[in-house]
Number of protein chains: 2
Amino acid sequence: MASIRDVAKKAGVGVGTVSRALNGTGYVAEDTRAKILAIAEKLDYQPNELARNLFRNRTGIIGIVVPDMENPFFSKLLKHMEIQLYKNGYKAMICNTIEISNREQDFIDMLRQNVMDGIITGAHSLQDYAYLNLNKPVVAMDRNLGPGIPMIHSDHKAGGRMAARLLLDAGCRNVLNFGGSFRVHTPSNDRHQEFKQVMEENGASVKTIEMAWNMMEYDYYCRIMEQYMDIYRDIDGVFTTDIGALYCLNIANQRGVKVPEKLHIVGYDAVDMTRLFTPKLTSIAQDIPGLATACVDTMMDLLDGKKVEMEQILPVSIQKGGTV
Amino acid sequence: MASIRDVAKKAGVGVGTVSRALNGTGYVAEDTRAKILAIAEKLDYQPNELARNLFRNRTGIIGIVVPDMENPFFSKLLKHMEIQLYKNGYKAMICNTIEISNREQDFIDMLRQNVMDGIITGAHSLQDYAYLNLNKPVVAMDRNLGPGIPMIHSDHKAGGRMAARLLLDAGCRNVLNFGGSFRVHTPSNDRHQEFKQVMEENGASVKTIEMAWNMMEYDYYCRIMEQYMDIYRDIDGVFTTDIGALYCLNIANQRGVKVPEKLHIVGYDAVDMTRLFTPKLTSIAQDIPGLATACVDTMMDLLDGKKVEMEQILPVSIQKGGTV
DNA sequence: TTGAAAGCGCTAACAC
DNA sequence: GTGTTAGCGCTTTCAA
């Protein structure tokens with residue numbers, strides 16, 4: 001691999017001149033520049049990013065932490081973040097945290113070792129303290145990592161209220177409410193309190209079920225849905241994330257329980273696959289591209305040393321379907 | 001941020017000794033080592049990876065290129081690759097190629113600039129030549145990038161034959177066969193020739209429809225399925241990738257066409273969400289974790305300078321469902 | 001067993 | 001305008 005020295009030698013100039021010519025920084029005579037460019041081309045010269053990185057003390061890489069990128073919400077989020085980062089000249093390094101303990105800490109260590117320039121985290125880990133006193137750019141999605149770390153999330157409280165309204169309008173009196181683990185306080189969990197409150201204010205009864213904090217797999221949703229649909233046979237409504245809601249629909253179909261006549265279902269996230277079902281799932285939609293853009297823009301501001309909003313809340317909306 | 005010099009100074013030793021002590025390479029007296037470790041700890045010293053990378057001329061990063069990581073097949077593949085890379089001490093940098101032209105070339109340039117140590121590509125790009133004469137580790141999934149680049153894919157030919165067998169056994173005589181673009185020759189496209197051949201050998205008629213090479217979005221599948229289900233109203237079977245198959249099921253449901261009585265559907269990939277439908281989608285399953293492991297293991301061998309198989313073919317299997 | 005010193009390939013400051 | 005040089009922070013000879 002040709003180095004800048006090879007180019008300089010062949011062009012009969014110093015390395016500084018080559019650097020200036022190739023980067024367009026500082027003065028270089030027009031014919032010197034042309035000669036250097038031609039020789040760089042001929043030698044197929046590629047600047048070594050490793051050396052540049054060391055000098056500049058940056059890599060142009062942003063780490064993205066998610067619990068499970070197989071989950072459609074996170075895969076879409078990740079995709080949009082990656083595209084957004086690319087548009088800003090950055091690269092995306094990824095990290096799945098569930099299934100491997102301590103994964104997130106390893107990733108944070110890499111940030112301290114200058115492997116990447118910043119981290120956007122959407123993980124549900126328990127060890128929030130690890131991000132404190134890091135003094136490096138960190139953006140938290142749906143997670144409160146303490147003072148100084150900007151936080152971006154959907155308006156989950158409004159989402160919870162919308163879901164309650166939908167079920168109440170459909171006449172539900174007795175509903176199941178599947179929430180994430182309460183061991184981790186996240187903005188997204190707020191929707192369940194709001195949901196419960198609105199339902200109860202209107203005289204409906206709500207059973208709230210706590211799910212495991214680190215389980216996102218299809219099989220887990222399947223098991224837990226079957227279990228609770230067995231225990232609570234008299235319910236007339238369910239509010240849970242999309243995959244859970246779809247399993248619920250599936251189980252109802254298999255048991256001959258008519259949806260939405262006998263059972264009303266509202267999902268959360270409104271991921272694309274909910275549109276494949278007949279009836280389409282009624283669900284509260286998060287603005288995933290918007291969240292991705294907000295996270296990336298905030299990261300860029302942090303990298304530029306600008307001041308950023310400490311909490312950004314994006315609106316949610318209703319995906320009208322046929323399950324309510 | 002404390003550097004190795006700070007540690008050396010505070011410990012009253014040379015930087016070389018600190019390096020040897022911390023890395024466990026070469027001789028260091030026991031008490032010198034203990035003292036160095038203690039001081040490194042107290043100073044919260046973190047070795048700068050940038051400097052290490054420059055010296056070693058490696059980053060420990062592998063790039064993974066996929067057309068669309070929102071597609072459930074690729075999101076699962078990516079997840080397993082990332083986990084597998086982690087187990088081997090490597091990090092994963094990602095790149096979505098569709099929607100942005102030239103994305104893949106940019107990524108290849110980064111490989112040449114030592115941003116990463118190798119690339120695993122599962123993209124459907126048209127410009128295969130870009131990988132030639134690269135002299136860096138490249139592993140191709142479902143893609144033939146020419147001599148010298150190992151290729152890993154499922155036994156798609158067998159998959160095509162299995163699908164044909166399923167539809168023939170169900171009595172199909174007149175089927176729709178949605179294939180990827182024929183402008184790019186990929187092993188995964190082979191399934192459609194095999195499918196067609198087996199169907200026709202058994203007296204059935206096959207309409208093969210070519211899809212766009214770079215479209216993976218839900219809306220595209222929706223449009224194309226509606227379009228062809230309209231044109232060919234007399235078909236009794238469909239073979240296509242899962243999402244297409246699920247839209248097909250959806251359209252059949254809306255039109256009151258009974259599945260599997262009047263229309264038989266076989267998907268491809270058997271991604272998790274196909275299990276959420278009632279009936280479950282009958283589909284040809286690829287071994288996604290197996291593909292991910294094979295790709296990563298092959299990459300590790302290339303990095304170690306070992307000899308690798310130039311073509312690895314993994315078996316497919318049938319996911320029994322209720323759509324056939 | 002240890003310290004000093006030579007790079008890894010690049011950029012930028014500073015002479016000329 | 002251009003060449004020389006001093007680092008960026010680390011690892012690894014090589015002498016001592």
Side-chain angles (χ1 to χ4, degrees), chain A residues 1-40 43-61 89 109-117 136, chain B residues 1-40 43-61 89 109-117 136:
Chain A
M1 190 51 85
S3 84
I4 198 170
R5 263 202 199 64
D6 301 324
V7 178
K9 193 178 293 178
K10 202 124 187 168
V13 299
V15 291
T17 309
V18 176
S19 176
R20 267 169 286 150
L22 260 31
N23 292 305
T25 98
Y27 297 104
V28 181
E30 196 38 63
D31 46 349
T32 317
R33 152 178 278 109
K35 188 158 128 201
I36 290 172
L37 259 51
I39 289 179
L43 258 47
D44 192 26
Y45 168 71
Q46 296 285 336
N48 187 332
E49 280 292 315
L50 265 35
R52 280 186 158 159
N53 287 347
L54 176 59
F55 182 85
R56 298 182 176 145
N57 198 36
R58 68 177 286 273
T59 59
I61 297 172
D109 288 342
M110 295 193 332
L111 178 58
R112 289 157 43 100
Q113 293 160 4
N114 301 302
V115 172
M116 47 226 174
D117 299 339
K136 296 259 190 174
Chain B
M1 190 50 84
S3 86
I4 197 170
R5 261 200 199 66
D6 301 323
V7 179
K9 194 176 292 177
K10 202 126 189 167
V13 299
V15 292
T17 310
V18 175
S19 176
R20 269 170 286 149
L22 261 30
N23 292 305
T25 97
Y27 297 102
V28 181
E30 197 36 64
D31 46 350
T32 316
R33 150 177 281 109
K35 186 156 128 203
I36 291 172
L37 259 51
I39 288 178
L43 258 49
D44 192 26
Y45 168 71
Q46 295 286 336
N48 186 332
E49 279 293 315
L50 264 36
R52 280 186 156 160
N53 287 347
L54 176 58
F55 183 85
R56 299 182 177 145
N57 200 36
R58 67 177 286 274
T59 59
I61 298 172
D109 288 342
M110 295 194 329
L111 179 58
R112 290 157 41 100
Q113 293 160 3
N114 301 304
V115 172
M116 49 225 173
D117 299 338
K136 296 258 188 175

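Just so it is clear: chains get the letters A, B, ... in the order the sequence lines come, proteins before strands, and each one is counted from 1.
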Can you tell me how far [atom2] of [Y] sits from [atom1] of [X], rounded to the nearest 0.5 angstrom?
X: Arg112(A); Y: Tyr45(B); atom1: CZ; atom2: OH; value: 12.0 Å
X: Lys35(B); Y: Lys10(B); atom1: NZ; atom2: NZ; value: 12.5 Å
X: Asp117(A); Y: Leu111(A); atom1: CG; atom2: CG; value: 8.5 Å
X: Leu50(A); Y: Thr59(B); atom1: CG; atom2: OG1; value: 6.5 Å
X: Ile61(A); Y: Asn53(A); atom1: CD1; atom2: CG; value: 7.0 Å
X: Met110(B); Y: Glu49(A); atom1: CE; atom2: CD; value: 8.5 Å

Next item on the list: Could you go through the side-chain contact (heavy atoms from CB on, under 4.5 Å) check for Lys9(B) and Ile39(B) one step at a time?
Entry: CA-CA 10 Å; Lys9(B) 194 176 292 177; Ile39(B) 288 178; over 6 Å; no
Notebook entry, point to check: Going by heavy atoms closer than 4.0 Å, what residues in residues 10-39 of chain A are next to DNA chain C?
Noted result: Gly16(A), Ser19(A), Asn23(A)
Donor-acceptor pairs are to be reported for all side-chain atoms of residues 11-20 of chain A against protein atoms at under 3.5 Å, with residues two or more places apart or in another chain.
from     : atom 1 : to       : atom 2 : distance (Å)
Ser19(A) : OG     : Asn23(A) : ND2    : 3.4
Arg20(A) : NE     : Gly16(A) : O      : 3.2

Item checked: Strand contacts (DNA chain D) in residues 43-60 of chain A, 4.0 angstrom heavy-atom criterion -> Leu54(A), Phe55(A)
Checklist line | Whole angstrom value for the distance that separates P of dG3(C) from NZ of Lys9(B) | finding: 15 Å
